[in-house]
Amino acid sequence: MNEIGLRPSPISATVDFAAEGIQHGFLRLPYSRDDSAWGSVMVPITVVSNGNGSTALLTGGNHGDEYEGPIALFDLARSLKAEEVSGRVIIIPAMNYPAFLAGTRTSPIDRGNMNRSFPGQPDGTVTQKVADYFQRVLLPMADLVLDFHSGGKTLDFLPFCAAHILANKQQEAKAFEFVTAFAAPYSMKMLEIDAVGMYDTAAEEMGKVFITTELGGGGTATAKSAAIAKRGTMNVLRHAGIVAGAAHIDPTTWLDMPDGRCFSFAEEGGLIEPLIDLGEAVSEDAVIARIYPTGRTGVAPCEIRAGMSGILCARHFPGLVKPGDCVAVVATVDE
């Protein structure tokens, strides 16, 4: 048992976080299974360190079907040079590596949603063990955390970088400073449906500067969304002083999710007809989608109405919905 009463993490790193230079390696988690009695889950990691400075922890693949982060971070891991860095950059392109390989939101091993598994357990499931390693080893090293998300297979978003409203206003201001530096087409003051167990919450409760993204969706990336991720990553590293040079700041539109009225949920399942596209203006109580019952013809569709005025910033992606699915998110525009 260690000083906080938990078992040691079973994960071992093949990199030395204190060493200078560039290291490409793995977080190795023993995982005994039918096809490999002494097998392991091998999570790729790169550490680039040079001299004194801040530590940035850059992560993608928190959900395995979201690709902009892994694209940007696999690219950064091969291209970032030690002499360009003042401080340390820890790059993990796919946090939930089993989910990333399967192209699924959650792990195919234990159905674990990495972003609902914090603080994790060193003797729990595979996903909980990885979350525990981040909680106890990686997050304490970091000054700045950038965690990439997009909509995966079930949502589509306007491309935005985001931070949360926090009780610590100094921490909050620093986070939004980095959101501005990321310079996505949209920047969001983000509200979570349920923040319990999130990586975001774990980092913020440690006092870390935490920013995240939603950069599209549909279970794929586009040339545009991947370029936003790559440029934003370098902007953040430059703004932190970890990489030399000025950030390339493009204009951004600030959005806000002020309360739960921004979410619309399906109460019936069926075929969804969008009536508003992403980025379009929405009026409170306007019909933004219809859901047609699929069991028979001649039945009137269910109407989905906006709970507030603003613009449509997210929508359900597949053509069929189930009861309880989030079908639309409206955000207000900060002038």
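These numbers were taken from a predicted model, which means no experiment stands behind them. The chain is numbered in sequence order, starting from 1.
- Atom-to-atom distance recorded for Leu139:CG and Glu205:CD is 11.0 Å, nearest 0.5 angstrom.
- Residue Thr106 comes nearest to Asn96 through the heavy atom pair C-ND2, 4.4 Å, listed as atom of the first residue, atom of the second, then distance.
- Between His24 and Arg78 there is no side-chain heavy-atom pair separated by less than 4.5 Å.
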Discussion item. One pair to check against salt bridge (charged side-chain N to carboxylate O under 4.0 Å, His left out): Asp250 and Arg231. What are the steps and the verdict?
Written reply: CA-CA 10 Å; Asp250 292 330; Arg231 185 183 68 246; 3.7 Å; yes
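- In this structure, the separation between CE on Met42 and CG on Leu27 is 9.5 Å, given to the nearest 0.5 Å.
- Between the CD1 atom of Ile304 and the CD1 atom of Ile276 there is a distance of 13.5 Å, given to the nearest 0.5 Å.
- A donor-acceptor contact shorter than 3.5 Å is absent between the side chain of Asn50 and the backbone of Ser86.
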Discussion item. As a quick check of understanding, evaluate side chain to side chain contact (heavy atoms under 4.5 Å, CB included) for His248 and Arg238, giving each step before the final call.
Written reply: CA-CA 9 Å; His248 301 292; Arg238 290 187 176 112; 3.7 Å; yes
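- Among all heavy-atom pairs drawn from Tyr67 and Ala221, the shortest one is CB-CB, 4.2 Å.
- A 4.5 Å side-chain heavy-atom check between Phe182 and Asn235 finds every atom pair outside the cut-off.
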Worksheet item: Run the side chain to side chain donor-acceptor pair (under 3.5 Å) check on Ser187 and Thr252 step by step: do they pass?
Response: CA-CA 6 Å; Ser187 298; Thr252 188; 2.8 Å; yes
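- Within 6.0 Å of the CG atom in Asp34, the count of heavy atoms belonging to other residues, nucleotides or ligands does not exceed 12.
- To the nearest 0.5 Å, atom CG of residue Leu138 and atom OH of residue Tyr133 are 5.5 Å apart.
- In summary, Lys81 and Glu84 do not engage in a salt bridge, as defined by a charged side-chain N under 4.0 Å from a carboxylate O.
- Side-chain contact between Met234 and Val243 is present, with at least one heavy-atom pair separated by less than 4.5 Å.
- Phe26 and Ile45 get closest at one heavy-atom pair: N-CG2, 3.5 Å.
- Side-chain atoms of Ser9 and Arg136, non-hydrogen and from C-beta on, do get closer than 4.5 Å to each other.
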Practice prompt. Could you please spell out the steps behind the salt bridge (charged side-chain N to carboxylate O under 4.0 Å, His left out) verdict for Lys189 and Asp334?
Written response: CA-CA 10 Å; Lys189 298 175 183 176; Asp334 280 3; 3.1 Å; yes
List, one per line, each side-chain donor-acceptor pair under 3.5 Å for residues 143-150, sequence neighbours excluded.
unit_1, atom_1, unit_2, atom_2, d
Asp143, OD2, Thr55, N, 2.8
Asp147, OD1, Thr59, OG1, 2.7
Asp147, OD2, Asn62, ND2, 3.1
Asp147, OD2, His149, NE2, 2.7
His149, ND1, His63, ND1, 3.4
His149, ND1, Glu66, OE1, 3.1
Ser150, OG, Glu68, OE1, 3.0

Fill in: Derivation and outcome, side chain to side chain contact (heavy atoms under 4.5 Å, CB included), residues Leu312 and Asp277
CA-CA 7 Å; Leu312 189 69; Asp277 286 328; 5.8 Å; no
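- Considering every non-hydrogen atom in both Pro159 and Ile228, the closest pair reads CB-CD1, 3.8 Å.
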Discussion item. Evaluate Lys153 against Asp65 for salt bridge (charged side-chain N to carboxylate O under 4.0 Å, His left out), listing each step before the verdict.
Written reply: CA-CA 6 Å; Lys153 293 177 181 176; Asp65 59 351; 5.4 Å; no
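- Gln171 contributes a side-chain N or O that, together with a main-chain N or O of Glu204, makes up a donor-acceptor pair within less than 3.5 Å.
- Closest approach of Val299 and Arg296 over heavy atoms only: CG2-CG, 3.5 Å.
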Solution key, residues 258-272 side-chain donor-acceptor pairs under 3.5 Å, sequence neighbours excluded:
unit_1, atom_1, unit_2, atom_2, d
Asp259, OD1, Arg261, N, 2.9
Asp259, OD1, Arg261, NE, 2.9
Asp259, OD2, Arg261, NE, 3.3
Asp259, OD2, Arg261, NH2, 3.1
Ser264, OG, Arg305, O, 3.2

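- Smallest separation of non-hydrogen atoms from Thr212 and Asp200: CG2-OD2, 4.3 Å.
- Using a 4.5 Å heavy-atom cutoff, the side chains of Met141 and Arg88 are in contact.
- Looking at Pro122 and Asp132, their side chains come closer than 4.5 Å, going by heavy atoms from C-beta outward.
- Taking hydrophobic clusters as Ile, Leu, Val, Met, Phe, Trp and Tyr residues chained together by side-chain heavy-atom distances below 4.5 Å, Ile91 does not share a cluster with Leu57.
- Distance check: Cys313 SG to Leu278 CG gives 8.0 Å after rounding to the nearest 0.5 Å.
- Transitive grouping of hydrophobic side chains (ILVMFWY, heavy atoms separated by less than 4.5 Å) keeps Val287 and Val329 in distinct clusters.
- Cluster annotation: Ile71 and Phe157 are assigned to distinct hydrophobic clusters (Ile/Leu/Val/Met/Phe/Trp/Tyr, side-chain heavy-atom contacts under 4.5 Å, transitive).
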Discussion item. The test is side chain to side chain contact (heavy atoms under 4.5 Å, CB included); show your working for Met190 and Phe160 and say whether it passes.
Written reply: CA-CA 10 Å; Met190 197 167 186; Phe160 63 76; 4.1 Å; yes
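- Atom CD1 of Ile242 is separated from atom CG of Leu237 by 5.5 Å, given to the nearest 0.5 angstrom.
- Distance alone, capped at 3.5 Å, is enough to place a donor-acceptor pair between the Gln128 side chain and the Thr125 backbone.
- Using modelled atom types and a 3.5 Å distance limit, the side chains of Glu172 and His164 yield no donor-acceptor pair.
- In this structure, Glu280 places its CD atom where more than 12 heavy-atom neighbours from other residues, nucleotides or ligands lie under 6.0 Å away.
- Residues Val89 and Phe17 fall into different hydrophobic clusters, defined by Ile, Leu, Val, Met, Phe, Trp and Tyr side chains chained together at heavy-atom separations under 4.5 Å.
- Ile249 and Phe178 are not part of a single hydrophobic cluster, where members link through side-chain heavy atoms under 4.5 Å apart.
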